[in-house]
Amino acid sequence: MIKIKILLKKFYMNDTKQVAKDLLGKTLVRKIGTQILSGVITETEAYKGENDPASHASRKKTERNKIMFSEVGIAYVYFTYGMHYCFNVVAKKKNDKAGAVLIRAIQPQQGINHMIKNRKTDIISNLTNGPGKLTQAMQITLKQYNHDLTKKSSLFIIDGEKPNKIIAKPRVGIKIGVDKLWNFSYKI
DNA sequence: TCGCAGATTGCCT
DNA sequence: GGCAATCTGCGAA
């Protein structure tokens, strides 16, 4: 019997890069009616505020990115490239203005059949190995924008094993700020 | 196997 | 008006 322990606000009230690393090995849980979808987080990226030109929050506070300046432990979902959603968790130190961790990849655990139906592919390794893919597999949309992930509801993150080998790489898909090794993943 | 362009919407300049 | 924290399919080698 695995004890279910939801990560609390305190977990996210920390340096954005640190939380990005800490989230590796944790489990993302999505409830759709009685159906439960879950997966272990295997890749994340840190996006900070004013000193990070690649971050949405680097320029100024807008209607879209305002929750990166808001409370930690909530979901920041945005729509991009005309067809993809990306799922982030707001995480920052108390004195930081803004920050969020982009969840880039998970490893499916529960509800794999449901994910296959959502993704219209039966290749397991291709189900959730990208930010746009995992939101599609888990049916995460703008409805989850501003969702509180520290409460047991339709979407939350539970504690898990900390991986021993974390790899830092440049962030993917951006043109500026690529010198920063803020993409984190690990070998299974 | 690899690289590139198309899809397609909302945000920022 | 241009481009984005992406994915997929197609064509070339």
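So you know, we letter chains A, B, ... as the sequences are listed, proteins then strands, and number each from 1.
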If we ignore angles and hydrogens, is there a donor and acceptor under 3.5 Å between the side chains of A:Gln139 and A:His114?
yes

With a non-hydrogen cut-off below 4.0 angstrom, is A:Leu102 in contact with a base, only sugar-phosphate, or nothing?
base

Identify the stems formed by DNA chain B, where each pair is Watson-Crick or G-U wobble with both distances under 3.5 angstrom and a stem is at least 3 consecutive pairs.
B:1-7 with C:6-12, B:9-12 with C:1-4

Strictly below 4.0 Å, heavy-atom distances to any atom of DNA chain B: list the hits from residues 61-68 of chain A, or just say none.
A:Thr62, A:Arg64

How many whole angstroms separate atom CD1 of A:Ile123 from atom P of C:dC7?
15 Å

Please write out each protein N/O paired with an N/O of nucleotides 1-4 of chain C under 3.5 Å, distance rounded to 0.1 Å.
from: C:dA4; atom 1: OP2; to: A:Lys175; atom 2: NZ; distance (Å): 3.2

Indicate yes or no: at least one non-hydrogen side-chain atom of A:Ile67 is less than 4.5 angstrom from one of A:Ile74.
yes

Review item, side-chain donor-acceptor pairs of residues 141-155 of chain A, under 3.5 Å, at least two apart:
from: A:Thr141; atom 1: OG1; to: A:Lys143; atom 2: N; distance (Å): 3.2
from: A:Gln144; atom 1: OE1; to: A:Thr141; atom 2: N; distance (Å): 2.9
from: A:Tyr145; atom 1: OH; to: A:Glu63; atom 2: O; distance (Å): 3.4
from: A:Tyr145; atom 1: OH; to: A:Arg64; atom 2: O; distance (Å): 2.8
from: A:His147; atom 1: NE2; to: A:Ser153; atom 2: OG; distance (Å): 2.8
from: A:His147; atom 1: NE2; to: A:Leu155; atom 2: O; distance (Å): 3.3
from: A:Asp148; atom 1: OD1; to: A:Thr150; atom 2: N; distance (Å): 2.9
from: A:Asp148; atom 1: OD1; to: A:Thr150; atom 2: OG1; distance (Å): 2.7
from: A:Asp148; atom 1: OD2; to: A:Lys151; atom 2: NZ; distance (Å): 2.9
from: A:Ser153; atom 1: OG; to: A:Lys151; atom 2: O; distance (Å): 3.4

Distance, rounded to the nearest Å, where A:Asn129 contributes CG and C:dC7 contributes P
8 Å

Supply the atom-to-atom distance A:Ile124 CD1 to A:Asn129 CG, rounded to the nearest 0.5 angstrom.
11.5 Å

Not counting sequence neighbours, list each pair that qualifies as a salt bridge (Lys or Arg N to Asp or Glu O under 4.0 Å) and has a residue in residues 74-103 of chain A.
A:Glu50-A:Lys97

Leading and trailing nucleotides of DNA chain B with any atom under 4.0 Å from heavy atoms of chain A:
B:dA7 to B:dT13

Interatomic distance at P, B:dG3 relative to C:dA5, whole Å
22 Å

For residues 17-28 of chain A, please give each side-chain donor-acceptor pair under 3.5 Å, one per line with the distance, not counting sequence neighbours.
from: A:Gln18; atom 1: NE2; to: A:Asp22; atom 2: OD1; distance (Å): 3.2
from: A:Asp22; atom 1: OD1; to: A:Lys162; atom 2: NZ; distance (Å): 3.4
from: A:Lys26; atom 1: NZ; to: A:Asp22; atom 2: O; distance (Å): 3.4
from: A:Lys26; atom 1: NZ; to: A:Asp159; atom 2: OD1; distance (Å): 3.2

Contact under 4.0 Å: A:Arg171 side-chain N or O vs C:dT6 OP1/OP2
no

Of the options C:dA5, C:dT8, C:dT6, whose atoms approach the side-chain atoms of A:His84 most closely?
C:dT6

Pi-cation contact, A:Phe156 with A:Arg30 (under 6.0 Å, within 45°)
no

CG-CG distance between A:Leu134 and A:Asn118, expressed to the nearest 0.5 angstrom:
12.0 Å

What salt bridge (Lys or Arg N to Asp or Glu O under 4.0 Å) pairs are there with at least one residue in residues 116-141 of chain A, not counting sequence neighbours?
none

For residues 172-188 of chain A, dump all side-chain donor-acceptor pairs below 3.5 Å to protein atoms at least two apart in sequence or in another chain.
from: A:Asn183; atom 1: ND2; to: A:Glu43; atom 2: OE2; distance (Å): 2.9
from: A:Asn183; atom 1: ND2; to: A:Glu45; atom 2: OE2; distance (Å): 2.8

Among residues 37-55 of chain A, which contact DNA chain C at a heavy-atom distance under 4.0 Å?
A:Tyr47, A:Ala54

In whole angstrom, what separates A:Phe184's CZ from C:dA5's P?
18 Å

Between atom CD1 of A:Ile36 and atom CD of A:Gln109, what is the distance when rounded to the nearest 0.5 Å?
13.0 Å

Can you list the residues that meet the ring-ring contact (aromatic ring centres under 6.0 Å, His included) rule with A:Phe79, with sequence neighbours excluded?
A:Tyr85

Do any pairs count as a salt bridge (Lys or Arg N to Asp or Glu O under 4.0 Å) and have a residue in residues 68-77 of chain A, sequence neighbours left out, and if so which ones?
A:Lys9-A:Glu71

Which atom names give the shortest non-hydrogen contact between A:Ser55 and A:Tyr47, and what distance separates them?
CA-CD2, 3.9 Å

